[in-house]
Amino acid sequence: MKNIFRITALMVLCAFTFGGLTACREESSSDDGSALPVQKTEYNLSENGTTEYKVVVPATAESCEQFAATELVSFFYEATGVALETVTDAEIQLTEGKYISLGATSLRDSLYPDFEEAALGYSGFEIKTIEDTVIISGANDSRSYGTLYGVYEFLNRTIGLEFYASDEIFYETYGPSECVPLYALNFVSIPDIQLMGMGANTLVQDRTYMRRMRLTGFYSSDYCMGSVHSTAGYFMSPSDYPEHSDWFWTSQGLTGICWSNEGVIDALAQELISATETSDARYVFVTQPDTESYGCTCENCRQSLDKFGTPSALQLSFINKVADKVRAYYEETNPEKDLTLVVFAYRFTLEAPSEEIMQTYSKELSPHENVAVSFIPIGMDFQYPITAPENKSFYESMRAWSEIFNHQKLVIYTYGVNFHCFFDVFNDFGSIQGSLKAYRELGVELINEQDNLESTMGCFEELRIYLKSKLAWNTDSDVDALIEEFFEHYYKDASDTMLQYFNTITAYTSALFRERNLSTGIYVTLYDKIDYGTVLSLRAMLDRAEDEILHYKRSDAELYETLLDRIKKEKLTVYFSLLASHSSQMESADYQAVKSEFTRYCSKFNIVRWRENISLESFLAGLE
């Protein structure tokens, strides 16, 4: 990774302007006070409450470029009170004026003809300062958000902009007599993981928050198309092919498609072409049902399984044939079409074909250029990184798949939630960095993480989003420093106590699960295993956190309510354990008070599920 540093502005007197004294903030220093390799130019973005700068976008700007301009103008105004005007490149004289150019403008092409986009991918960007002009640009691709992310980085280094959560945004503020210097910023920034997709309900409901965290949605429509669990019913349904019942199979009540039938291959290719012809999706997921085994028993499949040894090899042979037909169509009709068909390495296809099989049948099985695999470690222990001994089998399987795809076409589908209790803290915080580093080293471009899509939740969801955003961009970031910074901004006066609570509950969970030889999986609960004394101790910490913000109730009532809500949201984890597992040990009055507050805050936060597909209402109805 290159170029990561933060601007910390200091007040100094810098210049006399228009006969008045203008205070400019001195060039930046790093968080530890050391000098940073950046210099101020002779130009100011604003001074004396005015600006000569304009924001330039292409005359045919993509929606992401337009949004980037809106964000730049909005946050600069919030910080300085100075309004930047937005114009198109068709409205300016290239040789006159001071500009901040966003995206593929004629200004960029004129001043910086050597701009290289090839390595930027979907999220990377370059910032180039040329005299009094700033060039900020991602790749020339309608699916690229690089220009937007470049704007956020520019604002971070100019006014200290930092996103911690949807409602916790930091930036420096400047008075009318202060100037905002233009720094000589010249760098390329390319994330370690190009596309980090998270499926938290909070992000799905607020795409602005998602973009500000430099994330994509789970199975983001900008990049992905297809079903999570089965192509049958999404691209191909038995009801659409009543005369071809032999194309489909059923197991455990779920339907799959035959991977050896030439009719299925032809039909699926046509279905994929129809679905993608007007779509910008890069990845099309051709998936399998959530069953324990491949269920087709036709003679062709039996012979193929005998020949290849594993369903995963049969799947590769199948998808190569489908991909060839899709590619042949687009080579004639749209040669620029960038489309990859993705199959799952999941359950009965988790084990990669052996090296011997791949070599023996390389003509049939070697993945074609427009094919990728999505590795899904559903049974791993998430409190450890995938490289840990506890996850050895998953790591070895993932590496085997990566080898088959030459470390270029590996997609990751992972998890960030306990499906059996949304109120349990999913204790993966200590493994995020290690797993992301492993994914980076294997050339992973896209991660789809399934979080709680069904409901808002506590369990430090905002912290998880912040950490994964930061670490997906730079897997070498200091995790402890990121956590401390988050707590300081998000919980303010209660930050130390909330950090103590976080450290206590995660350490307790790890120790408890190790003691009981349990895996931190997606179906293992905590609320029914945590002892009553520990629950009371955790509750006391959160009570203390509430006391620490009490003084805001008079001095800043709005801030008090915000901080109180954040603490109460985490307190729901404790309350759920009390109500579900320890009601017999509680005093009646306390039980009723906890039940009342739990119900009220769940309603306030719009928490409607307590576990996968099961309503919170049903849980509340079962309480005394």
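For Phe422 against Cys459, the heavy-atom pair with the smallest separation is O-SG, 3.3 Å. Nearest heavy atom pair, residue His551 against residue Glu548, reads CD2-O, 3.4 Å. The two atoms that bring Phe75 and Ile159 nearest to each other are O-CD1, 3.7 Å, heavy atoms only. Between Ser46 and Val82, the closest heavy-atom pair is CB-CG2, 4.0 Å. Closest of all the heavy-atom pairs between Phe154 and Leu45 is CZ-CD1, 3.9 Å. Residues Ala61 and Gln66 come closest through the heavy atom pair O-NE2, 3.5 Å.
Judged purely by distance below 3.5 Å, without hydrogens or angles, the side chains of Tyr527 and Asn418 never pair a donor atom with an acceptor atom. Asp531 and Thr534 share a side-chain donor-acceptor pair at under 3.5 Å. In summary, the side chains of Tyr164 and Glu462 do not present any donor paired with an acceptor at a separation below 3.5 Å, with no hydrogens or angles considered. No hydrogens or angles considered: nothing links the side chains of Thr475 and Gln433 as a donor-acceptor pair under 3.5 Å. Donor-acceptor pairing under 3.5 Å is recorded for the side chains of Thr525 and Asp528.
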>> Evaluate Asp206 against Arg212 for salt bridge (charged side-chain N to carboxylate O under 4.0 Å, His left out), listing each step before the verdict.
In response: CA-CA 10 Å; Asp206 187 349; Arg212 287 174 175 173; over 6 Å; no
> Step by step, would you call Ser469 with Arg214 a side chain to side chain donor-acceptor pair (under 3.5 Å)?
Replying inline: CA-CA 6 Å; Ser469 163; Arg214 298 188 295 196; 4.9 Å; no
>> Using side chain to side chain donor-acceptor pair (under 3.5 Å), reason through Glu597 and Tyr575 one step at a time and then give a plain yes or no.
In response: CA-CA 9 Å; Glu597 187 165 293; Tyr575 282 172; 2.8 Å; yes
>> Would Arg611 and Asp424 count as a salt bridge (charged side-chain N to carboxylate O under 4.0 Å, His left out) here? Give the steps.
In response: CA-CA 10 Å; Arg611 63 180 287 173; Asp424 278 353; over 6 Å; no
> What's the verdict on salt bridge (charged side-chain N to carboxylate O under 4.0 Å, His left out) for Arg440 and Asp476, showing C-alpha distance, side-chain angles and the deciding distance?
Replying inline: CA-CA 11 Å; Arg440 176 198 68 190; Asp476 294 320; 3.5 Å; yes
>> Is there a side chain to side chain donor-acceptor pair (under 3.5 Å) between Ser189 and Glu153? Walk through the geometry before answering.
In response: CA-CA 9 Å; Ser189 183; Glu153 189 68 18; 5.9 Å; no
> Please walk me through it: do Asp192 and Lys437 pass salt bridge (charged side-chain N to carboxylate O under 4.0 Å, His left out)?
Replying inline: CA-CA 8 Å; Asp192 288 341; Lys437 281 186 175 183; over 6 Å; no
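Screening Tyr209, Phe460, Trp473, Phe486 against Tyr466 for a ring-ring contact (aromatic ring centres under 6.0 Å, His included) leaves a single residue, Phe486. Applying the ring-ring contact (aromatic ring centres under 6.0 Å, His included) test between Phe163 and each of Tyr152, Tyr149, Tyr171 identifies Tyr152 as the sole match. None of Phe426, Tyr523, Trp610 except one satisfies the ring-ring contact (aromatic ring centres under 6.0 Å, His included) rule with His420; the exception is Tyr523.
Residue Glu617 qualifies as open at atom CD: its count of foreign heavy atoms under 6.0 Å is 12 or below. Atom CG of Asp493 has more than 12 neighbouring heavy atoms from other residues, nucleotides or ligands inside a 6.0 Å radius. Sparse packing is recorded around NZ of Lys553, with 12 or fewer heavy atoms of other residues, nucleotides or ligands lying under 6.0 Å away. Enclosure of atom CD in Gln585 by more than 12 non-hydrogen atoms of other residues, nucleotides or ligands within 6.0 angstrom is indicated.
The shortest side-chain heavy-atom distance between Asp496 and Tyr491 does not fall under the 4.5 Å cut-off. Between His582 and Val535, some side-chain heavy-atom pair lies under the 4.5 Å cut-off. Considering only heavy atoms from C-beta on, Arg539 comes within 4.5 Å of Leu578 through its side chain. Under the 4.5 Å side-chain criterion, counting only non-hydrogen atoms from C-beta, Met198 is not in contact with Met210. Contact annotation: the side chain of Asn201 never approaches that of Met457 to less than 4.5 Å [non-hydrogen atoms, C-beta and beyond]. A heavy-atom distance below 4.5 Å is found between the side chains of Met196 and Lys468. Tyr43 has its side chain within reach of Tyr53: a pair of non-hydrogen atoms, C-beta onward, lies under 4.5 Å apart. A 4.5 Å side-chain heavy-atom check between Thr202 and Glu461 finds at least one atom pair inside the cut-off.
Note that OG1 of Thr456 and CD1 of Ile607 are 6.5 Å apart. Values are rounded to the nearest 0.5 Å. Taking CG of Asn613 as the reference point, atom CD of Glu454 lies at 5.0 Å (rounded to 0.5 Å). With rounding to the nearest 0.5 Å, the separation of CG in Asn391 from OG in Ser435 is 7.5 Å. Annotation: the span from Leu148 atom CG to Glu71 atom CD amounts to 6.5 Å, rounded to 0.5 Å. Distance check: Thr208 OG1 to Leu203 CG gives 11.5 Å after rounding to the nearest 0.5 Å.
Tyr77 meets the ring-ring contact (aromatic ring centres under 6.0 Å, His included) test with no other residue; sequence neighbours excluded.
When atom types are taken as modelled, the side chain of Lys529 and the backbone of Leu526 share no donor-acceptor pair closer than 3.5 angstrom. The backbone N or O of Glu47 sits nowhere less than 3.5 Å from a side-chain atom of Glu178 that would complete a donor-acceptor pair. Between the Asn448 side chain and the Gly197 main chain, no donor and acceptor come within less than 3.5 Å of each other. Of the possible donor and acceptor atoms, one in the side chain of Arg211 sits under 3.5 Å from a partner among the backbone N and O of Leu215. At distances below 3.5 Å, at least one donor-acceptor pair connects side-chain atoms of Arg566 with backbone N or O atoms of Tyr490. Using a distance-only test at 3.5 Å, with no hydrogens or angles considered, no donor-acceptor pair links the side chain of Ser577 to the main chain of Val574. In this structure, the side chain of Ser510 engages the main chain of Thr506 through a donor-acceptor pair within 3.5 Å. With hydrogens and angles disregarded, no donor-acceptor distance shorter than 3.5 Å links the side chain of Thr147 to the backbone of Leu102. At least one donor-acceptor pair closer than 3.5 Å links the side chain of Thr573 to the backbone N or O of Phe423. A donor-acceptor pair under 3.5 Å is formed between the side chain of Thr599 and the backbone N or O of Lys595.
Aromatic rings of Tyr508 and Phe513 (six-membered ring for Trp) have centroids beyond the 6.0 Å cut-off, not under it. You'll find the ring centres of Phe502 and Phe487 inside the 6.0 Å limit. Proximity of the aromatic rings of Phe619 and Phe576 is defined here by a centroid distance below 6.0 angstrom, and this criterion is met.
Between Lys571 and Asp565 no salt bridge is recorded (no basic side-chain N to carboxylate O distance below 4.0 Å).
With a 6.0 Å cutoff to the six-membered ring centre and a 45° limit on the axis angle, Arg464 counts as a cation-pi contact of Phe429.
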